[in-house]
Participant: 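Right, I'll just put the structure down here and ask away after.
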There are 2 protein chains.
Amino acid sequence: MGLSKTEHFTGEQLELAEMAKALAHPARIAILQYLIWTNACVCGDIVDALPLAQSTVSQHLKELKKVGLLKGEIDGTSVCYCIDPIVWKKTEAVFSVFFAQLKNGCDDCC
Amino acid sequence: MGLSKTEHFTGEQLELAEMAKALAHPARIAILQYLIWTNACVCGDIVDALPLAQSTVSQHLKELKKVGLLKGEIDGTSVCYCIDPIVWKKTEAVFSVFFAQLKNGCDDCC
DNA sequence: GAATTGTATCGCAATATTACGATGATTGAT
DNA sequence: ATCAATCATCGTAATATTGCGATACAATTC
């Protein structure tokens with residue numbers, strides 16, 4: 001049905017899955033990298049840098065904004081989209097903690 | 001159209017997005033954590049530990065196997081699913097490198 | 001105020017994902 | 001050989017995602 005029973009999973013699992021979902025598209029990775037590598041964070045520039053229509057890019061920006069990785073401030077006639085370093089670091093930590101959970105491989109069968 | 005133009009993105013972006021997609025569901029996170037915390041890696045146990053039908057769990061296992069995070073070896077009448085530590089560490093590194101790209105926030109507007 | 005520019009939203013179509021029950025296939029036990 | 005147990009796959013339905021053009025909205029400019 002496409003619906004995940006969110007009530008059966010832990011908050012940690014839901015949070016990690018949500019952040020992973022936000023990163024689960026190359027265009028969104030590209031957007032984040034573009035914002036990192038340039039300090040010009042205006043939407044128009046992003047559209048020019050991606051092989052996607054303006055409306056599609058706007059949707060991806062919206063999803064990144066939804067999870068907090070981006071914050072957009074209105075700057076006159078355009079919008080300044082920037083990475084939120086706080087959320088970025090927090091996300092980094094969430095992934096880091098998750099990956100650190102594996103000490104070593106399964107040792108009783110493989 | 002639901003189709004991403006993969007040819008327009010870098011291999012790094014595609015790889016990261018693919019791994020993120022594999023982690024973009026709480027059930028798959030739960031599966032991985034379950035495999036970490038117990039060393040009993042038989043599919044049946046996983047099904048019992050999740051609020052999902054056996055066929056659904058099998059699909060999630062298949063996706064984790066597709067990206068290499070899991071390897072499944074037939075063990076008599078059941079299947080031993082284990083985390084592949086090599087792929088795990090590699091994925092961890094991919095995310096780590098990605099997150100490390102942000103030195104500090106955008107400094108010219110926010 | 002009208003035109004321009006930049007971005008968001010709407011509506012639609014195509015595809016992907018998630019989930020389940022039913023069915024297969026394979027192995028071990030009777 | 002039959003049966004039970006275990007996991008994979010198929011078929012199907014519901015929902016989500018992706019993408020684009022068209023349009024709406026907001027602010028600046030003329």
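Letters A, B, ... are given to chains in the order of the sequence lines, protein chains preceding strands, and every chain is numbered from 1. The model shown is predicted, which means the values in this text are computed figures rather than measured ones.
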Participant: Select one nucleotide: of D:dT6, D:dG11, D:dG19, the one nearest the side-chain heavy atoms of B:Gln59.
Facilitator: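 Of all the options, the side chain of B:Gln59 is nearest to D:dG11.
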Participant: Without decimals, in angstroms, what is the distance between A:Ile46 CD1 and C:dA8 C1'?
Facilitator: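 Atom CD1 in A:Ile46 sits about 14 Å away from atom C1' in C:dA8.
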Participant: Can you measure A:Leu23 atom CG to D:dT17 atom C1' for me and round it to whole angstrom units?
Facilitator: 16 Å
Participant: Counting only heavy atoms not in B:Lys89 (residues, nucleotides, ligands), do more than 12 fall under 6.0 Å from its NZ?
Facilitator: yes
Participant: Could you check how far CD of A:Glu18 sits from P of D:dA16, rounded to whole Å?
Facilitator: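 A:Glu18 atom CD is separated from D:dA16 atom P by 14 Å.
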Participant: Whole Å only: how far is the NE2 atom of B:His60 from the C1' atom of D:dT9?
Facilitator: 15 Å
Participant: In whole angstrom, what separates A:His25's NE2 from C:dT15's P?
Facilitator: 15 Å
Participant: Aromatic rings B:Phe95 and A:Phe99: how do their planes relate, parallel, tilted or perpendicular, breaks at 30° and 60°?
Facilitator: tilted
Participant: For B:Leu61 and D:dT9, give me the distance from atom CG to atom P, rounded to whole Å.
Facilitator: 11 Å
Participant: I want to check something: taking the side chain as every heavy atom from C-beta on, are B:Lys65 and B:Lys71 in contact at a cut-off of under 4.5 Å?
Facilitator: no
Participant: Using only side-chain N and O atoms of A:Lys21, determine if any of them is under 4.0 Å from OP1 or OP2 of D:dT17.
Facilitator: yes
Participant: Please report the distance, rounded to the nearest Å, between CZ in A:Arg28 and C1' in D:dT17.
Facilitator: 8 Å
Participant: Pick base, sugar-phosphate or nothing for B:Ser78, based on heavy-atom distances below 4.0 Å to the nucleic acid.
Facilitator: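 Counting heavy atoms under 4.0 Å across all strands, the contact made by B:Ser78 is with sugar-phosphate only.
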Participant: I want to confirm an ordering. Mapping B:Lys66 and B:Gln54 to their closest nucleotides on DNA chain C, which one lands closer to the 5' end?
Facilitator: B:Lys66
Participant: What nucleotide, of C:dG21, C:dT27, D:dT18, holds the atom closest to the side chain of B:Ser55?
Facilitator: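 Out of C:dG21, C:dT27, D:dT18, the nucleotide with an atom closest to B:Ser55's side chain is C:dG21.
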Participant: Between A:Thr56 and B:Thr56, which has a closest nucleotide on DNA chain D that is more 5'?
Facilitator: B:Thr56
Participant: For B:Lys66 and B:Glu18, run salt bridge (Lys or Arg N to Asp or Glu O under 4.0 Å): C-alpha distance rounded to whole Å, both residues' side-chain angles, the deciding distance at 0.1 Å, then the answer.
Facilitator: CA-CA 10 Å; B:Lys66 194 177 67 184; B:Glu18 189 189 16; over 6 Å; no
Participant: Have a look at A:Glu63 and say if it touches a base, only the backbone sugar-phosphate, or nothing, with a 4.0 Å heavy-atom cut-off.
Facilitator: sugar-phosphate
Participant: So A:His25 and A:His60, would you call those rings parallel, tilted or perpendicular, with 30° and 60° as cut-offs?
Facilitator: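 The arrangement is tilted - the two ring planes meet at 30° to 60°.
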Participant: Nearest whole Å is fine: how far is D:dC7 P from B:Asp48 CG?
Facilitator: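 It is 9 Å, rounded to the nearest whole Å.
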Participant: Under 4.0 Å between any heavy atoms, over every strand shown, what does A:Lys65 touch: base, sugar-phosphate, or nothing? Just pick one.
Facilitator: nothing
Participant: Can you tell me if the side-chain N/O atoms of A:Ser58 get under 4.0 Å from OP1 or OP2 in C:dA8?
Facilitator: yes
Participant: Does a side-chain N or O from B:Tyr81 land closer than 4.0 Å to OP1 or OP2 of D:dT6, or not?
Facilitator: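 Result: no.
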